[in-house]
Amino acid sequence: MPEWIVTTGNFAAAYAAKAAEVDVVAAYPITPQTRIVEKIAEFVEKGEMKAKFIRVESEHSAMAVCIGAAAAGARAFTATSSHGLALMHEMVVWAALGRLPIVMAVVNRAMAPGWNIWADHNDTIAQRDTGWIQFYARSNQEVHDTILQAYKICESEDVLLPAMVCLDGFILSHTSQPVEVLSEDDVRDYLGRYEPKHCLLDPENPKTYGNIVFPEDYIKFRHQMQQAMQRAKEIIEKVDEEFGKKFGEIHSHGGLLDPYRCEDAEIIATAMGTMASELEEAVDHLRKDGIKAGSISIRTFRPFPEEELRSLCENAKAVVVFDRNISCGLSGASYSEIRSALYDMPNRPAVVGFLAGIGGCDVTWRHLYEAIKKVALAERPPSGKVFWVGV
Amino acid sequence: MAWLPREKYLLPGNAACAGCGVALAEKIVLKALGKKTIMTIPASCSSVIQGPFPKSAVKVPLLNIAFAAAAAAASGIRAALEKQGKEDVNVLVWAGDGGTYDIGIQALSGAAERRTNIIYVCANNQMYSNTGIQRSGATPYGAWTTTTWTGKKEPPKNMPLIMAAHGIPYVATACVAYPKDLFDKVKKAASMPGTKYIDILCPCPVGWRFPSDMTVEVGRLAVQTGAWVLFEVENGVFKLSPPSKPLLNKSKRKPLKEYLRAQGRFRTMSDEEIEAEQRRLDEWWETIKKFEEIGRIF
């Protein structure tokens, strides 16, 4: 039975791994992720979770264990942050090109030097081109549900890609919220067991996996990955909808993106992760001021919801993009994606960027409200410009 | 060789060079382990030997994996098999010395410390040969490679003893020139739980600079001169293997020079340097004598 508890984002992730009845967990400690695997260790040692828990000696090995396990037919889970993810990068790529439906919780944290343990998206943005589906969560409920949804999506024959579920360090990972936690019994029928048709490590049917591949075949594999990513869009939407129908509306989070008061909006703000929920607060205040504002939570950064954004922004005069990351030399990562996505619109809106919350700087609705208001009141919105909040 | 099982798991038509010691070792090891084996191979000559997609010369399930990751991937495979209740499958890592002594040592050490039930084979040709002969942590003193043009200035690390220091149930060295000794060691490893480590010296005609029909002879010289010592550490007990045991008597050892001069890679070593190496080797054998006397290395 679903159960309401007050819990952190980290524990919400651990409860999801438990409910998904993952077969193998491999993880290494790193702040602020550590509490996820501590909780899983507790579940396993109490016998509440039947997974094999491999306490590896590095994140590189954590993902390698997941790859070996998934290739041998197991449902695998891991969690990491920041430098752990960076160290893991080679195997992150390997998992995607290996088409293994591994799910990983990533607690977003800034990269060093200097050491900084606070929320920042540069760690996962750096993994953008690895071929992983990327979800960014706004609440602990969303963390919990998205991990469960991710297994359904990733294990689909039409997808067979891994997914990372990103949650902002401390803001979600260490902050308690009410969460309706689903149990194994609740989700078992829906998720099913992981029974890969393509499991290759079977002595009765020996196959070689990942040997040398010449360019003319390699390019086809990449093409297939891109097609799988495109197909994933529809499946992400479908699974999120089914989740809401099956377990109640609070377990549905918008699919690829979640719009708020966008119907008649003249100015639309976007963000990923917890900044997107602050945006909703900012929008309400702007509306009180008579500004027709709306907001969008970009839930999946990959696959990127281009068409969905275009249709939501059809009547907007300006789009304000907030990024908790910086691709030095250009802009925030979602800013350049959104600007590119909106380019082909007949009446394309101005697109203005803001860099906020980097290195864990506190971002409240007030910061967002002021930034959006400035753009809304400008005679001509400064399209193509990127501004810093807090510098 | 009539005692070898007939079934082949590294098939003819593979992409190994003529006289490849690694391919020969792989044939023997897979025959010893048989059909119920899952193999993982990090970047190495064996990534090439298996042949390119969409074909494969390996007849057991094989997961290719990144250079540093083999022992960890094997941990994952074993965990999955345990979860599935499949207990009768060998999990084999087949790595080179670069993937073992250097870039893979962390994952291997972690897997060994976790007592993971795997057989880890280092197919040791004492260099990065797949990338074109560069020095590794296993390259012997004085050897030419394309990153040590004037000969390597440092002796190799002793990886088998490092593995023995993990307290795992089985560590063995072997040489492809002694196939029965190798076969028996693999069989023994397969019969034991926990982490098993076998370091197989695999002479490489291309990198060591000797004619490709001399692989077995060069391998024999490595053992007969005492340069490569065949031993087992079984549940902590050290034991020299039959081909090496008589060499405790110094007079039974062939001069090191015979082994080194059979290869082009030591050509930059002067006679004086070879003599100095001979003295170092003799000292090492005094240590081995102590291991053998007390039956332990620690």
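So you know, we letter chains A, B, ... as the sequences are listed, proteins then strands, and number each from 1.
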Heavy atoms from other residues, nucleotides or ligands near CD1 of A/Ile212 exceed 12 (cutoff 6.0 Å)
yes
Heavy-atom pairs under 4.5 Å with chain A - which of B/Val48, B/Leu62, B/Val60 has more of them than the others?
B/Leu62
Largest heavy-atom contact set with chain B, pairs under 4.5 Å, which of A/Ala74, A/Gly98, A/Ala51, A/Gly210:
A/Gly210
With a 4.5 Å cut-off on side-chain heavy atoms, are A/Val107 and A/Thr34 touching?
no
Heavy-atom distances under 4.5 Å only: say whether B/Ile65 touches chain A with side chain, backbone, both or neither.
both
May I ask you to test the A/Met104-A/Pro162 pair for a side-chain heavy-atom distance under 4.5 Å?
no
Below 4.5 Å, heavy-atom pairs only: which of B/Ala66, B/Ala107, B/Ala70, B/Ala68 has the largest tally toward chain A?
B/Ala66
Donor-acceptor pairs under 3.5 Å, chain A to chain B, main chain and side chains both?
| unit_1 | atom_1 | unit_2 | atom_2 | d |
| --- | --- | --- | --- | --- |
| A/Asp23 | OD1 | B/Lys83 | NZ | 3.0 |
| A/Glu57 | OE1 | B/Arg114 | NH1 | 3.1 |
| A/Ser58 | OG | B/Gln106 | NE2 | 3.3 |
| A/Ala72 | O | B/Gln84 | NE2 | 2.8 |
| A/Trp94 | NE1 | B/Asn64 | O | 3.3 |
| A/Glu204 | OE1 | B/Lys35 | NZ | 3.3 |
| A/Lys207 | O | B/Leu62 | N | 2.9 |
| A/Thr208 | OG1 | B/Ser56 | OG | 2.5 |
| A/Tyr209 | N | B/Leu62 | O | 2.8 |
| A/Tyr209 | O | B/Asn64 | N | 2.9 |
| A/Tyr209 | O | B/Asn64 | ND2 | 3.2 |
| A/Asn211 | ND2 | B/Gly51 | O | 3.0 |
| A/Asn211 | ND2 | B/Lys55 | O | 2.9 |
| A/Ile212 | O | B/Phe53 | N | 2.6 |

Under 3.5 Å: donor-acceptor pair, side chain of A/Arg35, backbone of A/Asn10:
no
Mind checking whether A/Trp115 and A/His83 have side chains closer than 4.5 Å, heavy atoms only?
yes
Which bit of B/Val91 is near chain A, if near means a heavy-atom gap under 4.5 Å: side chain, backbone, both or neither?
neither
Taking every heavy atom of A/Ile30 against every heavy atom of A/Gly84, the minimum-distance pair comes out as CD1-N, 3.5 Å
Side chain to side chain contact (heavy atoms under 4.5 Å, CB included) between A/Phe11 and A/Val181: does it pass, once the steps are laid out?
CA-CA 10 Å; A/Phe11 283 7; A/Val181 170; over 6 Å; no
Heavy-atom cut-off 4.5 Å, strictly under: side chain, backbone, both or neither for A/Phe214 against chain B?
side chain
With only heavy atoms counted, which part of A/Val213 is less than 4.5 Å from chain B, the side chain, the backbone, both or neither?
both
Report yes if some heavy atom in the side chain of B/Met163 is under 4.5 Å from a heavy atom in the side chain of B/Leu108; otherwise report no.
yes
Taking side chain as C-beta onward, heavy atoms only, is A/Ser81 less than 4.5 Å from A/Thr31?
no
